[in-house]
S.K.: 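Here it is, the structure, as structure tokens.
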Amino acid sequence: MRGLGLDPGRIGRIVITHGHCDHYGAAQELADRHGAEILAHGLDAAVIRGEEVIADPVLLEWERPLWEHARAVPAAPPTRVDHELADGDELGFGPGARVVHAPGHTPGSIGIHLPRHGVLFTGDCVARVDRVMLGVFNIDRAQAVASFRRLAALEPATVCFGQGDPLTADAPALLRASADGDSGLQVEHG
Ligand SMILES: [Zn+2]
């Protein structure tokens with residue numbers, strides 16, 4: 001933030017996209033330092049607070065080596081959730097930023113949509129690793145595919161991913177192409 005000429009003291013809210021430790025490990029420290037509140041979907045809140053353990057993902061064969069690597073990430077400290085979110089909630093910035101429930105990666109995964117600016121934060125439902133694709137390590141893959149399509153239908157001009165660089169050109173077409181036929185989105189069985 002300082003690199004952008006902004007004051008970290010102005011952080012008022014930290015919105016957690018889902019209850020995976022690599023997405024909220026520093027949230028409480030940042031919130032305490034700057035007096036911010038922490039928001040997350042109600043279905044992942046107990047995990048983030050450290051009251052429940054997140055379910056393991058149902059892995060595809062090619063995800064297994066990645067998962068062995070990813071699970072070495074240290075657990076996040078229990079983190080308070082000041083406000084539990086639900087689908088359609090307005091977040092009070094943007095203006096008009098709102099929650100889009102996008103379950104499947106985890107039950108409480110959300111996207112954050114800023115319709116006025118055409119910006120979408122996907123969390124881990126969508127990733128951009130070489131190409132736009134369904135995120136990895138999904139607890140319910142079929143549900144994640146449906147959520148991917150829901151996010152793609154928003155036709156954002158700018159997409160910010162949990163993993164990968166933001167997409168700023170041809171975003172609606174690339175999302176649609178991935179949602180419509182890309183093999184990466186097929187629901188695989190077995
Ligand atoms: Zn994740």
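Indexing begins at 1, ligand by ligand and atom by atom, following the structure's order. Note that the structure is predicted; figures quoted are calculated from it, not measured.
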S.K.: Given a threshold of 2.8 Å, state how many protein N/O/S atoms are nearer than that to the Zn ion (ligand 1).
M.R.: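 Considering protein N, O and S only, the Zn ion (ligand 1) has 4 within range.
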S.K.: For the CG atom on Asp7, are there more than 12 heavy atoms of other groups (residues, nucleotides or ligands in this structure) within a distance under 6.0 Å?
M.R.: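 Check passes, neighbour count above 12.
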S.K.: Once the angle between the rings of His105 and His20 is folded into 0 to 90°, is it parallel (under 30°), tilted (30 to 60°) or perpendicular (over 60°)?
M.R.: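 Rings of His105 and His20: perpendicular, as their planes differ by over 60°.
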S.K.: Excluding sequence neighbours, so at least two apart, what forms salt bridge (charged side-chain N to carboxylate O under 4.0 Å, His left out) with Arg150?
M.R.: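 Applying salt bridge (charged side-chain N to carboxylate O under 4.0 Å, His left out) to Arg150 gives Asp87.
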S.K.: Any idea which heavy atoms bring Gly19 and Ile54 closest together, and the distance?
M.R.: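 Closest approach of Gly19 to Ile54, heavy atoms only: O-CD1, 3.8 Å.
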S.K.: Any chance you could measure Ile139, atom CD1, to Ser109, atom OG, to the nearest 0.5 Å?
M.R.: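 Output value for this atom pair is 7.5 Å.
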S.K.: Just wondering, more than 12 heavy atoms not from Arg2 lying within 6.0 Å of its CZ?
M.R.: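 Counting other residues, nucleotides and ligands, CZ of Arg2 stays at 12 neighbours or fewer.
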